[in-house]
Chemist: 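Handing you a structure now.
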Amino acid sequence: MSTNTNVTVEVGLGDRAYDILIGSGLLLRAGSEISRRLPGTRAAVVTDVNVAAAHLETLKAGLEKGGIQPAEITLPAGEKTKSFAHLEEVVDGVLAARLERGDVVIALGGGVIGDLAGFAAGIVRRGMNFVQVPTSLLAQVDSSVGGKTGINSARGKNLVGVFHQPKLVLADTEVLDTLPIRDFRAGYAELAKYGLIDRPDFFAWLEENWAQVFAGGPERAEAIAEACRAKADVVARDEFETGDRALLNLGHTFGHALEAATHYDSARLVHGEGVAIGMALAYRFSSRLNLASPDDAARVEAHLRAVGLPWRMADIPGELPDAEALLAFITQDKKVSRGALTFILTRGIGQAFIAKDVPGSEVLSFLRENRPGQPKGSPGQQKSRPG
């Protein structure tokens, strides 16, 4: 793999194509990059209190260099900010700033801020321009790319939202140096996901180079770029998730259920940790269904353990609901179609596929086996083969 530390990845969507810029110093170049693409624009920056303290002044300086004087909308940090109440707050802030449809909403933050600000941009004045400035590893490699925006409902995660593509993504690798290690690890789960979906060579590369990715430098920038290339390829093929894009949900059906089961309490579980456990469960479930080798599940679990990520439900602090309640969260997930359970399963490392009509009884039995405190069954004892 290349070790170029400044990379541009294009998301090919015809006349709505846009660039993902990856490298250092991009906050200070934000104004020039935005003005070049959207001349004469005005802006509102949406961020949270933690990111504002670390990066807002730098971004403002960069915007002002490009002739943009932004309005500021600062929200609480955390998953619970993805709510109707805070969506209304952002919408009102954009309108109070008297921004017009051709102006831009800039999301400065992680996945929560990106999803929320993007949703607001998608509905204010029936759709405004939108720029992502992701400040977490998870957002840089996943949620900032592809146009999925939204908020959570009490009934589940990301159940309310729209597809609204950004005009530009600025992934400044320098901001990752200020991330707490737990947040960096959580983002790394999404990095590993791309290898596990359909890039086995990338997963093997991560197994060899993960320490350098954590340490920073060219390996980190190239890993982010490779993840963005993988997502850009899928989004260009299937923008609205009617086919292959669902593969990007590897680990998310289990993970979202666990997030809902913990009431989105970031002290117990953050999104990337849910994805990590969800990917391990997806590989183990695939092994239980005789779709993949138990060795593949063990390899995934070993890598997640090596980087310090949780990989089983027992790693979540506190009590979890029973298996029936966990299954209820899964059936509420937006990937359910007319009541049929759809999972992203795998036939091996880098061989993920969409499995439709997965029997709920199989999932319930698997959850009972893997929920903390429950007797464990041996993998591979069931013979049904969905998909």
Side-chain angles (χ1 to χ4, degrees), residues 7-11 13 15-48 51-52 55-75 87 90-91 93-94 97 99-136 138-150 161-175 224 228 231-232 235:
V7 186
T8 299
V9 175
E10 183 184 28
V11 182
L13 291 171
D15 60 359
R16 293 178 299 109
Y18 57 93
D19 289 334
I20 308 164
L21 306 186
I22 303 156
S24 60
L26 287 171
L27 291 187
L28 287 173
R29 287 167 44 198
S32 61
E33 296 291 350
I34 293 171
S35 293
R36 184 159 63 85
R37 293 164 174 83
L38 300 167
T41 194
R42 297 163 62 229
V45 175
V46 182
T47 189
D48 69 45
V51 173
H55 303 299
L56 181 56
E57 291 306 313
T58 304
L59 177 63
K60 284 171 59 180
L63 292 172
E64 288 165 4
K65 282 184 180 179
I68 300 172
Q69 298 285 338
E72 301 168 27
I73 303 168
T74 303
L75 305 172
L87 174 66
V90 174
V91 168
V94 172
L99 297 185
E100 299 174 359
R101 189 176 187 186
D103 292 327
V104 63
V105 176
I106 301 171
L108 173 68
V112 168
I113 291 298
D115 285 1
L116 176 64
F119 187 18
I123 60 177
V124 174
R125 303 194 187 282
R126 297 187 174 88
M128 293 178 60
N129 293 321
F130 176 44
V131 169
Q132 286 269 22
V133 186
T135 59
S136 69
L138 189 150
Q140 290 191 1
V141 302
D142 190 70
S143 60
S144 68
V145 179
K148 276 189 178 181
T149 72
V162 297
F163 286 93
H164 188 55
Q165 297 292 345
K167 294 293 186 182
L168 176 68
V169 179
L170 299 172
D172 191 329
T173 55
E174 286 183 31
V175 305
I224 293 169
C228 288
K231 184 157 190 180
V235 170

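Values reported hereafter were calculated over all heavy atoms of this structure, with side chains retained and with hydrogens, waters and symmetry mates removed.
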Chemist: Which atom pair, heavy atoms only, marks the closest approach of Gly122 to Val162?
Modeler: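 Distance-wise, the nearest heavy atoms are CA-CG2, 4.4 Å.
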Chemist: Nearest 0.5 Å, please: how far is OG1 in Thr173 from CD in Gln140?
Modeler: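 It comes to 7.0 Å.
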Chemist: May I ask you to test the Leu38-Leu168 pair for a side-chain heavy-atom distance under 4.5 Å?
Modeler: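 Leu38 vs Leu168: side chains apart.
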Chemist: Tell me which pairs pass salt bridge (charged side-chain N to carboxylate O under 4.0 Å, His left out) where either residue lies in residues 109-135, with sequence neighbours left out.
Modeler: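 Listed by first then second residue: Lys82-Asp115.
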Chemist: Which atoms form the tightest heavy-atom contact between Ala121 and Phe130, and what is the distance?
Modeler: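 Taking every non-hydrogen atom into account, CB-CB, 4.0 Å.
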Chemist: Does Arg37 reach the side chain of Asp19, with side-chain heavy atoms less than 4.5 Å apart?
Modeler: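 Sidechains of Asp19 and Arg37: in contact.
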Chemist: Would the distance check show the side chain of Arg101 and the main-chain N or O of Gly127 forming a donor-acceptor pair, the cut-off being under 3.5 Å?
Modeler: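 A pair under 3.5 Å: yes.
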Chemist: Holding to side-chain contact (heavy atoms from CB on, under 4.5 Å), I want the full list of residues that pass it with Ala97, two or more places apart in sequence or in another chain.
Modeler: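 Here the qualifying residues are Ala71, Leu99.
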Chemist: Please determine whether side-chain contact (heavy atoms from CB on, under 4.5 Å) holds for the pair Asp172 and Val133, giving the CA-CA distance in whole Å, both sets of side-chain angles, and the decisive distance to 0.1 Å.
Modeler: CA-CA 8 Å; Asp172 191 329; Val133 186; 5.9 Å; no
Chemist: For Glu174, give me all partners under side-chain hydrogen bond (donor to acceptor under 3.5 Å, both in side chains), at least two apart in sequence or on another chain.
Modeler: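 Partners of Glu174 under the side-chain hydrogen bond (donor to acceptor under 3.5 Å, both in side chains) test: none.
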Chemist: Taking only residues two or more places apart in sequence, or in another chain, which ones meet His164 in a side-chain hydrogen bond (donor to acceptor under 3.5 Å, both in side chains)?
Modeler: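 With sequence neighbours excluded, His164 shows a side-chain hydrogen bond (donor to acceptor under 3.5 Å, both in side chains) to no residue whatsoever.
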Chemist: First locate atom CD of Glu72, then atom CG of Leu59, and finally report the distance between them rounded to the nearest 0.5 Å.
Modeler: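 One finds 9.5 Å between CD of Glu72 and CG of Leu59.
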Chemist: How would you list, by chain and number, every residue that makes a side-chain contact (heavy atoms from CB on, under 4.5 Å) with Arg36, sequence neighbours excluded?
Modeler: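 Testing Arg36 for side-chain contact (heavy atoms from CB on, under 4.5 Å), a comparison that skips the adjacent residues, returns Glu33.
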Chemist: Lys231 side chain to Val145 main-chain N or O, any donor-acceptor pair under 3.5 Å?
Modeler: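 Checked: pair present.
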Chemist: Identify the heavy atoms of Gly114 and Ala107 that sit nearest to each other, and give their distance.
Modeler: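 Heavy atoms only, the tightest pair is CA-CB, 3.8 Å.
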Chemist: Can you see which heavy atom on Val9 is nearest to which on Ala232, and at what distance?
Modeler: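 Smallest interatomic distance, heavy atoms only, reads CG1-CB, 4.1 Å.
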Chemist: Check step by step if side-chain contact (heavy atoms from CB on, under 4.5 Å) holds for Lys148 and Phe163.
Modeler: CA-CA 5 Å; Lys148 276 189 178 181; Phe163 286 93; 3.7 Å; yes
Chemist: In a check of side chain to side chain contact (heavy atoms under 4.5 Å, CB included) between Ile73 and each of Leu108, Ile113, Val94, Val45, which one passes?
Modeler: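 Exactly one pass, corresponding to Val94.
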Chemist: So, for Val46 and Ala117, which heavy atoms are closest and what is the spacing to 0.1 Å?
Modeler: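 The pair with the smallest heavy-atom distance is CB-CB, 3.9 Å.
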Chemist: For residues 127-136, pull every pair meeting salt bridge (charged side-chain N to carboxylate O under 4.0 Å, His left out), keeping only residues two or more places apart or in separate chains.
Modeler: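 Listed by first then second residue: nothing to list.
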Chemist: Would you say Glu10's side chain and Tyr18's backbone share a donor-acceptor pair under 3.5 angstrom?
Modeler: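 A pair under 3.5 Å: no.
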Chemist: Rounded to the nearest 0.5 Å, how far does CD1 of Ile123 lie from CG of Leu87?
Modeler: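 Spacing of CG (Leu87) from CD1 (Ile123) equals 4.5 Å.
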Chemist: Please tell me if the side chains of Lys65 and Ser32 come closer than 4.5 Å, counting only heavy atoms from C-beta onward.
Modeler: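 A side-chain contact under 4.5 Å is absent here.
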Chemist: For the residue pair Leu63 and Pro70, what are the closest heavy atoms and their distance?
Modeler: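 Heavy-atom minimum between the residues: CD1-CG, 3.8 Å.
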Chemist: Check the pair Ile106 / Ile34 against side-chain contact (heavy atoms from CB on, under 4.5 Å), numbers first and verdict last.
Modeler: CA-CA 10 Å; Ile106 301 171; Ile34 293 171; 3.8 Å; yes
Chemist: If you round to the nearest 0.5 Å, how far is CZ of Arg16 from CD of Gln165?
Modeler: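 Answer rounded to 0.5 Å: 6.0 Å.
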Chemist: Can you tell me how far the CD1 atom of Ile22 sits from the OG1 atom of Thr8, to the nearest 0.5 Å?
Modeler: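 Nearest 0.5 Å value for the CD1-OG1 distance: 7.5 Å.
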Chemist: Using the rule given for side-chain contact (heavy atoms from CB on, under 4.5 Å), can you reason through Leu75 versus Leu116, listing the C-alpha separation, both sets of side-chain angles and the distance that settles it, and then say yes or no?
Modeler: CA-CA 11 Å; Leu75 305 172; Leu116 176 64; 3.4 Å; yes
Chemist: Ignoring hydrogens and angles, tell me if any N or O in the side chain of Asn129 forms a donor-acceptor pair with the backbone of Val104 under 3.5 Å.
Modeler: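 Answer holds: no.
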Chemist: Report yes or no: does Ser144 contribute a side-chain atom to a donor-acceptor pair with the main-chain N or O of Pro134 at less than 3.5 Å?
Modeler: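 It does not hold such a pair.
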Chemist: CG of Leu56 to CG of Leu27: how many Å apart, nearest 0.5 Å?
Modeler: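 That separation rounds to 10.0 Å.
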